[in-house]
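What's counted below: heavy atoms across the whole structure, side chains too, no hydrogens, waters or symmetry copies. Computed from a prediction, not measured in an experiment: that's the story for all the values here. Order of appearance sets the numbers: ligands from 1, and atoms from 1 within every ligand.
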Amino acid sequence: MMAAKIIDGKEVSNWVKENLKKEVERLKQRGITPSLKIFLVGENPASVVYVGNKEKSSKNVGIDAEVLSYNESVTEEELLNKIKELNNDPKVNGMIVQLPLPSHIDEDRVSLAIAPEKDVDGFHPHNLGMLLRGTPTLLPATPYGVLQLLKYYSIETQGKHVVVVGRSNIVGKPASVIFLLKDKFGNATVTVCHSRSKNLAEYIKQADILIVAVGKHHLITKDMVKKDAVVIDVGIHRVEDPTKKRGYRLEGDVKFDEVKEIASYITPVPGGVGPMTVAMLLQNVVNAAKLQNGITD
Ligand code: NAD
């Protein structure tokens, strides 16, 4: 049997970033330097790594990125005041607040204070509402990355049955709405499954395109997947592995080694959806800068 074609998220994210470099260069020639402010509160080691990655990747494509670091004891008011100030600064195109925040700060209140046009995470109700009504603005980065992977490999979703497993606000739910948009890479028949779905396997078996964002290691096995389905695995898990220097390896929600035998295309973990998330965040910063300056080309 033919094994699946591997969807190479590293290759696609590099392609996105190369294009962004050129786009940023063109914007700079018009006097616009896309700018991103990243809020980091405290020293959560995972957050420090994520923020460092976002800053470095931004700078690599020419985005003017700055990390605003705050002590764990910062007040909510202080953060809100800074966000308000930057909302009114036309030189700032995008803002993100790295979560989690300390428990004395209301994460929702802080995240929602960012002006919708500068919300490059795409989590603001305005941006989610615009997506829902079919006029998308800034898309949440991870499902935007899934869309970009399908586009790169010319995997059209029109008329296909897309099954999304997971209904989180940052992945599953927006992904399901993206594939309903009236577009070649939308126009799908979408089924959304979640923790309370009965007969999960029956729905999954019907998927032409299966998008899994659950957070359960190796939930999806070969027997559940239709032959020649396209399988997109968003899940990320650390699996203990003493043969690795760092003591673990990464695996997904899909049992890759066996599902690749039956799928037509499949994303690996790592190297599939993961690298796309930061690339699409950068794309959103550039999209935001263009929207704010009325640039449509
Ligand atoms: P979440 O915990 O917010 O949501 C999980 C969803 O899965 C829920 O909607 C729940 O209803 C559903 N679910 C739980 N158990 C289920 C089951 N047995 N059957 C069917 N559905 C079930 O998670 P999330 O933030 O959407 O993330 C999902 C996974 O994706 C995690 O492993 C996370 O680490 C990963 N993730 C990766 C990226 C990336 O950049 N690649 C980005 C975000 C999240």
Could you check [atom] against the protein and tell me its nearest heavy-atom contact, residue, atom and distance included?
atom                    : value
atom 37 (C) of ligand 1 : Val234 O, 3.1 Å
atom 19 (N) of ligand 1 : Leu200 CD2, 3.6 Å
atom 11 (O) of ligand 1 : Ser195 N, 3.0 Å
atom 18 (N) of ligand 1 : Lys216 CE, 4.1 Å
atom 2 (O) of ligand 1  : Val214 O, 4.3 Å
atom 21 (N) of ligand 1 : His194 C, 3.2 Å
atom 42 (C) of ligand 1 : Thr142 OG1, 3.3 Å
atom 39 (C) of ligand 1 : Thr277 OG1, 3.6 Å

Classify the ring geometry of Tyr153 against Tyr265: parallel below 30°, tilted from 30° to 60°, perpendicular beyond 60°. perpendicular
Quick check: Arg167 and ligand 1, any N/O pair under 3.5 Å apart? yes
Below 3.5 Å, N or O to N or O, backbone or side chain included: is there any such pair between His237 and ligand 1? no
Can you tell whether the side chains of [X] and [Y] come within less than 4.0 Å, N to carboxylate O?
X      : Y      : answer
Arg109 : Glu76  : yes
Lys82  : Glu85  : yes
Lys22  : Glu18  : no
Glu156 : Lys151 : no
Asp241 : Arg249 : yes

Could you check which of [options] puts a non-hydrogen atom nearest to [atom]?
atom                    : options                        : value
atom 6 (C) of ligand 1  : Ala213, Gly235, Pro174         : Ala213
atom 43 (C) of ligand 1 : Val171, Asp233, Val164, Ile236 : Val171
atom 23 (O) of ligand 1 : Ser168, Cys193, Gly252         : Ser168
atom 29 (C) of ligand 1 : Gly9, Pro140, Gly274, Gly215   : Gly215

Evaluation steps, side chain to side chain contact (heavy atoms under 4.5 Å, CB included), between Phe256 and Val269: CA-CA 8 Å; Phe256 177 83; Val269 178; over 6 Å; no
Under 4.0 Å from a heavy atom of Val165: give me the atoms of ligand 1 that qualify, with their elements.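 Close to Val165: 20 (C), 21 (N).
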Atoms in ligand 1 with a heavy atom of Ile170 nearer than 4.0 Å: 25 (O)
Scan the protein's non-hydrogen atoms and note whether one is under 4.0 Å from atom 27 (O) of ligand 1. no
Verify the distance criterion only: is there a donor paired with an acceptor across the side chains of Asn127 and Thr137 at less than 3.5 Å? yes
Just checking Lys84: does its NZ atom have more than 12 heavy atoms from other residues, nucleotides or ligands closer to it than 6.0 angstrom? no
Shortest non-hydrogen contact from Glu72 to Glu43? OE1-N, 4.0 Å
Please find the pair of heavy atoms, one from Pro100 and one from Glu107, that lie closest to each other, and give the distance.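 Where Pro100 meets Glu107 most closely, the heavy atoms are CA-OE2, 3.1 Å.
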